[in-house]
Amino acid sequence: MLVADSIHKTYRKHRVAVPVLTGLSLSVHPGEFLSLVGASGSGKSTFLHLLGCLDVPDTGSVTLDGRRIDALTGRDRDALRNRTFGYVFQFYHLLPELSALDNVLMPAYVSSSVLGWFRNRKEWRLRGEELLDRVGLLARRRHKPREMSGGEMQRAAVARALLMKPRFLLADEPTGNLDAETGDSIVQLLKSLNRDDKVTVVMVTHNQEIARGTDRVVRMVGGKVADDRAAPFHPRLLTAVG
Ligand code: ADP
Ligand code: MG
């Protein structure tokens, strides 16, 4: 269970303080597909970054299975970012000079020693190819991002996010740069990963229709949770523990 409790976060620059999160509390349940909605600037990205240890709150806590993770440093924080969370962003953030497969393998490169990498690279390669197959991109494994469409780049980014078998997939407007049909196929992919691979998904989206198709919709207003609408009874939530 991933729990954010009474989170406050204010950005300060040149004596201007921008309060963004003002006492936000939210629990992410194992196995669920949660959508985070709210106006532009309401702090959705800020909150997602705090949940995934990419940034730290001013006050409040983030705990994972009861353990504080909001202010970890060094190795613990790197390990958590690398292994527990997978991240997907609106603009894919693929490295332009690398093939789809090498992009997918990046999390393994960065977390391995040189020796470790050489020892295990065949297995990593197999896993990377398996994941590219899973997202429908195996035939494109040697292609660079500029040779792929937006939807294909996002599929590669999803495969990269899954390489280290994370428990949580944090997706920040993953369909924000895609046409409706392509965006929908990405959401279907995330849903199948949630359902079949038991990855817990937290997705920020602007799209009401997309949000409605997920297990729970949380609306952020004024730096807090305004509206937390769960399906009253969701059988899958009772059984899925990921
Ligand atoms: P959302 O994702 O809901 O659009 P964000 O979390 O990106 O919202 O941003 C919330 C607010 O915080 C906005 O007003 C934005 O301008 C401000 N903000 C975000 N990041 C920074 C930063 N690094 N420095 C200063 N202000 C920021
Ligand atoms: Mg945002």
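Start at 1 and go down the list; that is how both ligands and their atoms are numbered. Nothing fancy with the numbering, it's 1 onward along the sequence. Quick caveat, the model's predicted, so the values are computed rather than measured.
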Starting from atom 7 (O) of ligand 1, find the nearest protein heavy-atom neighbour and note its residue, name and distance.
-> S45 CB, 3.7 Å
Got an N/O contact under 3.5 Å between V20 and ligand 1?
-> no
For ligand 1, which atoms have a heavy atom of T46 less than 4.0 angstrom away?
-> 5 (P), 6 (O), 9 (O)
Considering only the protein, which heavy-atom contact is closest to atom 8 (O) of ligand 1, and what is its distance?
-> G43 N, 3.2 Å
Note: K165-D197 ion pair, threshold 4.0 Å (strictly below) = no
If we only count N/O pairs under 3.5 Å, is G41 in contact with ligand 1?
-> yes
Is there a protein heavy atom less than 4.0 Å away from atom 1 (P) of ligand 1?
-> yes
Looking only at protein heavy atoms, what sits closest to atom 23 (N) of ligand 1 is Y11 CE2, 3.7 Å
Specify whether the nearest protein heavy atom to atom 11 (C) of ligand 1 is under 4.0 angstrom away.
-> yes
Short N-O contact, D55 and K9, less than 4.0 angstrom = yes
Does S40 bring an N, O or S atom to under 2.8 Å of the Mg ion (ligand 2)?
-> no
Nearest-0.5 Å distance that lies between atom OH in Y109 and atom CG in D102 = 4.0 Å
Could you tell me whether ligand 1 has any atom less than 4.0 Å away from a heavy atom of S40?
-> yes
D65 and R67 ion-paired at < 4.0 Å = no
State, yes or no, whether a side-chain contact exists between R167 and L64 at a heavy-atom distance under 4.5 Å.
-> yes
Atoms in ligand 1 flagged as close to A39, the criterion being non-hydrogen separation under 4.0 Å = 3 (O)
SB check D196 K191 (cutoff 4.0 Å) = no
Give a yes or no on whether V20 and L54 share a hydrophobic cluster (residues Ile, Leu, Val, Met, Phe, Trp, Tyr; joining criterion: side-chain heavy atoms under 4.5 Å apart).
-> yes
To the nearest 0.5 Å, tell me how far H206 NE2 sits from E173 CD.
-> 5.0 Å
